[in-house]
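Working notes for the structure below.
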Amino acid sequence: MKNYDLVIVGGGISGSVAAIAAARMGEKVLIVEGTGFLGGALTSCGVGPMMTFHAGEKQVIKGITDELIERMKKAGKSQGHIIDSTTYTYTVTPFDSEGMKYELECMLLESGGEVLYHTMLTDVNVYEKKIESIEVCNKSGKSLLSAKVFIDATGDGDLAYLSGVPCKKGRESDGAAQPMTLKMKMRNVNMEEIKEYIKNNPENFTRIHRDVSLMDKVSRLSVIGFVKEFEEGKKNKEISIKREDVLFFETNNPGEVIINTTRILGCDGTDAWSLTKAEIEGRKQCRELELFLKKRIKGFENAVVVSTGPSIGVRGSRQIQGLYTITAEDLLEQKKFQDVIAHSGYPIDIHSPDGEGTSHGHLKWGEYYGIPYRSLVSEKIDNLIVVGRCISATFEAQAAIRTTPTVGAIGHAGGIAAALASKNNKAVKDIDINELQENLLNQGAYLDI
């Protein structure tokens, strides 16, 4: 059995930032990751751009998550934070996914942290409210890992669930989850032709018509619309996707876009059979979109598909029942928390579990909300912290805090909290909040306290 101060299950943005934060505090840290690289949804699901680090003109997510972007900018792998030309939120952060893999890995290793790739969690050994060890499986077979503190960064609450932490899934009324999306990346898209078409047909573009001039103010384009073309495609049975428009984002690489338009309904991110069904349906929808875009959307005539996924994107599955459950009212009313550990200005963004339609809950311009530490820990396990999109939140609140900059900020706090619990031999719920906040600030995070 290998022993660590901290073991993190999941190497997405939240788990990676948590590991870097804890390792910088001198802890012996290991990430257990199922793929062969870090970055989670950003690198294994084709998610992009990151959105948003800002609330109005104020940057409310900084620290290690923003440090990653600064490194990528210097390497020519990100444009940094630019205006969201769809006007949905304040800024988007395009990036190159291969650059993301490399920089995250460099940051982890430079901090002194370790990673074990191609490894999956299979079981958890709990005794008297503490995880003593976890069982993992990889090419070497099954083995045990022990630690003083564990972090669940799986996105689905897998470690928490196997440890006996109470969890719920989906919408409170019926358990239905937001639809999944398989992203498709295409290159050789003529962005100038798309801009010109939008300028001449602004009424055909959801939200963009509010300020078409934004297209000339950004280095990479975000687009939502082509409503008439999409409706025509559905009428002609070229498109079977239950949504109302086309959504895509230009990456750091000019003329390369991520298509965020598929919508896979009724699947469960914690069920392997259901995930398999979702992957198959997602590829079918991507093929429909490829043919539709090349046939009907100006600028896509010569576009080439680079990838789908590689894996299905899951917006939500399990949420732990923590010491505090974040609600939509908390976010919209900007409730002040004494144990605040992160902020975000991203709105409530619910893709309907029932099909077409996306509902929103926007704050006033420049407003932002806080996330309390109590939503990362439970009464059930004394040495487990949960980070990422599966923290304790209602269905509506999770639809706001699930995006990558926000979960990066949550991971930053979770990593420092785990390091403090390890160093001081305390239960994670009993750490000194002031000390946690002080260390966050020392590591460059933004906190409104």
Are side-chain N/O atoms of [X] and [Y] paired as donor and acceptor at under 3.5 Å?
| X | Y | result |
| --- | --- | --- |
| S352 | R243 | no |
| D96 | N253 | yes |
| D156 | Y161 | no |
| Y324 | D330 | yes |
| N204 | E229 | yes |
| S213 | D216 | no |
| T52 | T91 | yes |
| S392 | Q321 | no |
| Q338 | Y373 | no |

NZ/NE/NH1/NH2 to OD/OE distance under 4.0 Å, E288 and K284: yes
K73/E70 ion pair, N-O < 4.0 Å: yes
Pair I326, K335 - check side chain to side chain contact (heavy atoms under 4.5 Å, CB included), show working. CA-CA 10 Å; I326 306 168; K335 183 174 180 177; over 6 Å; no
Are K62 and Y446 in a cation-pi setup, meaning NZ or CZ lies under 6.0 angstrom from the ring centre and within 45 degrees of the ring axis? no
Apply side-chain hydrogen bond (donor to acceptor under 3.5 Å, both in side chains) to residues T262 and R283 and explain how you reach the verdict. CA-CA 9 Å; T262 66; R283 272 186 284 278; over 6 Å; no
Check the orientation of F53 and H81. Use parallel for under 30°, tilted for 30 to 60°, and perpendicular for over 60°. tilted
